[in-house]
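As a basis for the values below, the full set of heavy atoms in this structure was taken, side chains included, without hydrogen atoms, waters or symmetry mates.
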Amino acid sequence: NAGVMQNPRHLVRRRGQEARLRCSPMKGHSHVYWYRQLPEEGLKFMVYLQKENIIDESGMPKERFSAEFPKEGPSILRIQQVVRGDSAAYFCASSDDRNNQPQHFGDGTRLSIL
Amino acid sequence: DAKTTQPNSMESNEEEPVHLPCNHSTISGTDYIHWYRQLPSQGPEYVIHGLTSNVNNRMASLAIAEDRKSSTLILHRATLRDAAVYYCILRSPGNQFYFGTGTSLTVIP
């Protein structure tokens, strides 16, 4: 039973380019969460999605960031026109439909902006 | 979102028990207490969670105060592989987790 899969593990972009981060949840999970972690800090919640719906995006920056979780395929976190401050580790987690069940995390994508 | 307070760091000798404290004085009646840990260069790993009663699993035990304003994660015999940052998190309705800075546990051989 594969865990949460994130790719790529490392991504390098130049300022102004777009970054696309992918997350395949655990089999049977329909809830996906994205977090960002800056060096030496804890994870910060960004967005919570269910299939085809954004449930809570209160942690998403207002501009340049978007997320989707289509009916088929992985969840995508997209960052347009990246800036140096976007350099961070981005983690995806998934859970099943039951409330208060644990979230299972992937090993993250480390984004570096040149 | 209800906040938690944890010590920045703790040390333990290998094969000794470890008690990691967490204060959450503003917890609401529906908040579950979750513990995760994060090893370097990895995503957080679920450890244990509970609501009111103490909980045990193969990894650890969770002791919850009667008033629920604090809890303690207990590792019964620390190993070198337990060295990690431990996060105590309250889960608010709607499934969002809010991570603090956690406790960095060092295990001394």
Side-chain angles (χ1 to χ4, degrees), chain A residues 2-7 9-10 21 23-26 29-50 53-60 67 69 88-112, chain B residues 1-9 20 22 24 27-53 55 57-60 62 64 68 73 84-105:
Chain A
V4 176
M5 303 300 292
Q6 290 189 249
N7 67 83
R9 288 296 308 275
H10 301 272
L21 288 62
C23 170
S24 295
M26 282 183 70
H29 285 187
S30 59
H31 301 238
V32 165
Y33 315 81
W34 285 93
Y35 297 82
R36 177 166 61 178
Q37 186 174 34
L38 297 172
E40 309 302 323
E41 295 187 12
L43 279 73
K44 304 294 184 193
F45 167 77
M46 298 182 74
V47 62
Y48 161 41
L49 310 103
Q50 292 182 27
N53 290 304
I54 297 174
I55 306 302
D56 181 351
E57 56 182 347
S58 59
M60 287 278 271
F69 187 18
Y90 292 83
F91 291 95
C92 168
S94 72
S95 68
D96 66 17
D97 287 338
R98 293 172 293 171
N99 263 332
N100 291 308
Q101 291 306 304
Q103 293 183 7
H104 298 267
F105 284 79
D107 281 335
T109 293
R110 276 136 189 94
L111 176 64
S112 298
Chain B
D1 48 305
K3 297 198 173 186
T4 62
T5 305
Q6 299 177 253
N8 287 333
S9 62
L20 297 163
C22 181
H24 29 77
I27 190 171
S28 72
T30 57
D31 285 338
Y32 277 72
I33 302 159
H34 289 250
W35 282 83
Y36 283 73
R37 70 181 185 183
Q38 187 177 22
L39 279 68
S41 301
Q42 294 187 21
E45 175 188 25
Y46 167 77
V47 178
I48 201 166
H49 77 291
L51 183 62
T52 56
S53 303
V55 184
N57 66 20
R58 63 175 179 81
M59 289 182 71
L62 176 59
I64 301 173
R68 300 214 320 131
L73 178 70
V85 177
Y86 287 77
Y87 296 99
C88 168
I89 304 160
L90 300 184
R91 191 171 197 179
S92 59
N95 292 349
Q96 293 84 347
F97 279 158
Y98 292 94
F99 286 76
T101 52
T103 297
S104 179
L105 176 65

For B:Glu45, salt bridge (Lys or Arg N to Asp or Glu O under 4.0 Å) partners two or more places apart: B:Arg37
Residue B:Ser104 versus chain A: region with a heavy atom under 4.5 Å: neither
Portion of A:Gln6 that has a non-hydrogen atom of chain B nearer than 4.5 angstrom: neither
Winner by heavy-atom pair count (cut-off under 4.5 Å) against chain B, out of A:Gly106, A:Pro102, A:Gly108: A:Pro102
Polar side chain donor-acceptor pair, A:His31 to A:Tyr48, under 3.5 angstrom: yes
Of B:Tyr36, B:Phe99, B:Phe97, the residue whose pairing with B:Tyr87 passes ring-ring contact (aromatic ring centres under 6.0 Å, His included): B:Phe99
Which residues share a ring-ring contact (aromatic ring centres under 6.0 Å, His included) with B:Tyr86, sequence neighbours left out: none
